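Residue numbers begin at 1 in each chain, while the letters A, B, ... track the order of the sequences. As the structure is a computational prediction, the values presented were derived from the model and not from experiment.
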Amino acid sequence: MKFSDGSEGSFESGTSLSKILQQKNSSLSGRALAAKVDGQLVDLNHALGQDATVTFVTFEDEEGRDVFWHSCAHVMAHAVKELFPSAKLGIGPAIASGFYYDFDVADPFSPQDLEAIEARIAKIIKANLPLIREVISKEDAASIFRGLGETYKLELLSELEDEQVSVYSQNGFRDLCRGPHVPSTGRLGHVKLLGAAGAYWRGDERNPVLQRIYGIAYPRKSDLERHLKRLEEAKKRDHRRLGRQLDLFSFHPEAPGFPFWHPKGLILYDQIVAYWKKVHRREGYQLVNTPLMLCDELWRCSGHWDNYREAMYCTEIDGIGYAIKPMNCPGGLLIYKSSPHSYRDLPLKMGELGLVHRHEKHGVLHGLFRVRQFTQDDAHIFCLPEQAQDQVIEVIDLSLEIYKTFGFREVHVELSTRPRKSIGSDEMWARAEETLRSALSRKEISFELNPGAGAFYGPKIDFHIEDSLSRRWQCGTIQLDFSMPERFDLDYMGSDGEKHRPVMIHRAILGSLERFIGIIIEHYGGDFPLWLAPVQAKVIPISRDHVDYGAQITSLLEGQGLRIEIDKRDEKMGYKIRDAETLKVPYMLVVGEKEASARTASLRLRHKGDIGALSLDDVILRLKEEISNKT
RNA sequence: GCCUCCGUAGCUCAACGGCAGAGCAACUGAUUUGUAAUCAGUAGGUUGGGGGUUCAAGUCCCUCCGGGGGCUCCA
């Protein structure tokens with residue numbers, strides 16, 4: 001045997017991995033949850049028959065966590081079956097953070113039920129039952145699950161192609177499962193159930209609704225507690241809550257899914273737009289704006305009528321059908337077509353902060369994250385085929401720069417390739433995928449491959465940014481589009497005097513401005529950097545006598561373009577400070593007798609406290625510098 | 001859209017089928033404050049809308065509206 005730590009050893013054929021661990025007496029023996037034998041993930045009970053390379057996986061590895069959580073799901077199913085014997089099992093996988101299991105039960109689980117299930121899980125873990133793997137024929141498995149009345153398992157079974165399937169059991173509980181699992185339930189540590197909700201069997205709304213229970217678990221209690229604390233923290237940062245608290249935006253029954261921007265929220269919005277326009281102009285983009293409504297005929301031409309009609313708002317003008325745009329591209333194409341183009345004009349980079357409307361289903365609306373009206377930071381790049389790769393690289397660079405400005409340094413990249421339902425020739429797809437792939441490799445950016453997840457008209461690169469709570473958000477996208485130039489018969493005059501079809505790159509960096517603002521509200525927890533903060537500083541006069549001086553400072557700083565307010569209320573200073581802190585104002589300028597006579601202001605930093613008196617010039621300098629640094 | 005839970009004052013939340021309440025915010029007055037809540041008072045409600053059961057409904061039932069959680073990360 002060769003081990004991943006570099007050591008080697010010889011063992012009798014048929015020795016189980018857990019035995020080997022014991023004999024090796026390594027620090028892993030208590031921590032290993034499963035093992036990879038020649039790259040294949042197996043149980044520790046797996047017996048080795050021949051020479052192999054072995055890597056033990058622990059909770060520290062992603063694969064180990066998956067095994068751990070998967071086993072938790074399995075144990076949860078065991079607990080549910082004990083408490084609710086009539087429950088039928090769906091599926092129970094490990095997910096990015098924890099696990100779930102779906103059950104078909106007569107009544108949804110109540111919070112009390114979850115408590116009872118959680119207690120039963122703890123009992124099963126404490127009993128330290130071994131998980132036993134059996135490999136049996138599909139027919140035998142079918143008769144077992146038929147006997148148990150597990151109709152969903154039978155359905156899964158009927159779709160499996162292997163002749164042999166694996167079944168795991170502990171103490172009478174049996175489940176069809178690919179595995180691997182931890183060797184015994186005692187390894188599972190501390191489990192917390194997080195909630196229950198309905199979920200369609202296999203995610204299809206024509207199927208019955210099962211009851212899904214979500215859970216999380218860690219080997220160590222302290223880690224579980226830290227995780228729960230982080231969930232609490234995320235709750236506190238919920239942009240819907242902060243949106244109200246900081247008076248940024250609101251939603252109303254009169255227009256569900258359509259955000260109302262309040263003055264302070266609009267400042268955020270406008271700051272982002274100003275920054276976005278500045279960097280795009282610098283990069284040679286020309287900014288355009290196209291109509292909200294376009295006639296049906298255009299949508300038929302663009303293909304939206306066939307592919308996107310469900311989500312479009314339609315109306316009629318002078319007897320002619322119109323639809324509100326769900327995407328900006330057709331408008332951009334019309335501008336391109338409005339004049340002839342030479343190869344010398346390309347690449348043509350046309351940016352549009354376009355307001356789009358999509359009729360999202362009622363049930364999927366979610367604060368600013370999922371709305372029916374939003375602004376895309378869109379752009380369409382028309383270029384020669386040989387320019388496409390450089391253009392993609394430029395967009396990658398710009399995207400990363402913009403993310404960094406908002407403090408997103410961790411960016412995960414995905415490359416999505418040709419889906420089953422798609423248009424265009426094999427050769428076109430191969431070339432386009434290669435363009436994106438080599439752009440990424442030229443930038444030395446590692447990416448995850450997402451086969452078959454491209455748009456029907458072309459492959460794409462997606463950017464997922466990671467926020468301060470390590471959550472990932474898909475924002476940016478770069479798509480190569482073969483369909484639109486064709487459908488709209490775009491052309492340019494080549495150096496050969498012939499007309500050619502340009503390549504179109506469709507891209508967004510922030511995605512939806514509304515959603516992006518929701519993301520940064522949670523990312524910053526409402527503590528916006530100075531350049532974004534709706535109110536950058538609050539002047540706090542200590543008493544009535546200092547209001548005049550405070551007002552002078554306020555208008556002085558206002559004159560310098562700073563967003564500043566004064567709190568003139570007859571309240572104690574502590575009260576006004578608390579108020580400003582609660583509203584997350586970055587700077588407080590406290591002014592009293594001393595400051596008025598010395599023409600200074602005492603500077604107080606949000607969450608940090610007093611840093612002493614500064615001259616007004618120094619205050620202005622400091623704030624302006626911080627604003628221009630965008631820190 | 002579907003499943004499920006929820007909707008009480010501007011906000012956060014109480015009230016066994018039996019008189020709709022508290023804190024904060026707002027407003028009025030007093031106080032003039034030195035780095036995270038001064039005191040007192042006033043006002044604020046068709047309990048999301050509509051219908052029903054009941055002697056009696058915030059509470060139970062139906063329905064509509066809105067919101068929360070979720071609806072393949074596949075044995």
In whole Å, I'd like the distance from the [atom1] atom of [X] to the [atom2] atom of [N].
X        : N      : atom1 : atom2 : answer
A:Leu246 : B:rA25 : CG    : P     : 17 Å
A:Asp102 : B:rG70 : CG    : P     : 14 Å
A:Tyr200 : B:rG1  : OH    : C1'   : 7 Å
A:Arg578 : B:rG34 : CZ    : P     : 18 Å
A:Phe251 : B:rG48 : CZ    : P     : 22 Å
A:Tyr100 : B:rC3  : OH    : P     : 20 Å
A:Asp204 : B:rG70 : CG    : P     : 20 Å
A:Lys594 : B:rU35 : NZ    : C1'   : 10 Å

Exceeds 12 heavy-atom contacts within 6.0 angstrom, atom CD of A:Gln474: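 Yes, because the 6.0 Å sphere around CD of A:Gln474 holds more than 12 heavy atoms from other groups.
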A:Arg569, CZ: over 12 other non-hydrogen atoms inside 6.0 angstrom: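 Above 12, so yes.
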Would you please confirm or rule out a distance under 4.0 Å between OP1 or OP2 of [N] and any side-chain N or O of [X]?
X        : N      : answer
A:Tyr575 : B:rA25 : yes
A:Arg65  : B:rC73 : no
A:His362 : B:rC2  : no
A:Arg569 : B:rA26 : yes
A:His607 : B:rA36 : no
A:Arg244 : B:rC11 : no

Proximal nucleotide (of [options]) relative to the [X] side chain:
X        : options                : value
A:Val364 : B:rG69, B:rU38, B:rG1  : B:rG1
A:Ala197 : B:rU33, B:rC74, B:rG70 : B:rG70
A:Arg604 : B:rA36, B:rG66, B:rC74 : B:rA36
A:His366 : B:rG70, B:rU33, B:rG69 : B:rG69
A:Pro256 : B:rG66, B:rC73, B:rU31 : B:rG66
A:Lys572 : B:rC73, B:rG70, B:rU33 : B:rU33
A:Ala199 : B:rC2, B:rU31, B:rG70  : B:rG70
A:Ile577 : B:rG34, B:rG67, B:rA36 : B:rA36

Classify the angle between the aromatic ring planes of [X] and [Y] as parallel (below 30°), tilted (30 to 60°) or perpendicular (above 60°).
X        : Y        : result
A:Trp299 : A:His304 : perpendicular
A:His74  : A:His181 : tilted
A:Tyr218 : A:His227 : tilted

hbond_proxy A:Glu595 side chain to B:rG34 base (donor-acceptor, 3.5 Å cutoff):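 It does, because a donor-acceptor pair links the side chain of A:Glu595 to the base of B:rG34 below 3.5 Å.
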[N] to [M] separation - [atom1] atoms, rounded to the nearest Å:
N      : M      : atom1 : result
B:rU31 : B:rG50 : P     : 48 Å
B:rC64 : B:rG17 : P     : 26 Å
B:rU63 : B:rG44 : P     : 36 Å

Ring-ring centroid check A:Phe103 A:Tyr101, cutoff 6.0 Å: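 That pair passes the under 6.0 Å test.
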Pairwise side-chain contact, A:Ile577 with A:Met588, heavy-atom cut-off 4.5 Å (strictly under):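 A side-chain contact exists here, since the closest heavy-atom pair is under 4.5 Å.
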Closest-nucleotide 5' rank along RNA chain B - winner of A:Thr582 and A:Tyr101: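 On the 5' side of the pair lies A:Thr582.
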5′-ward residue of the pair A:Pro108/A:Leu365 relative to RNA chain B: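 Result of the comparison: A:Pro108.
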Which base sits across from [N] as a Watson-Crick or G-U pair, both distances under 3.5 Å?
N      : answer
B:rC60 : B:rG52
B:rA14 : none
B:rU38 : B:rA30
B:rU8  : none
B:rC74 : none

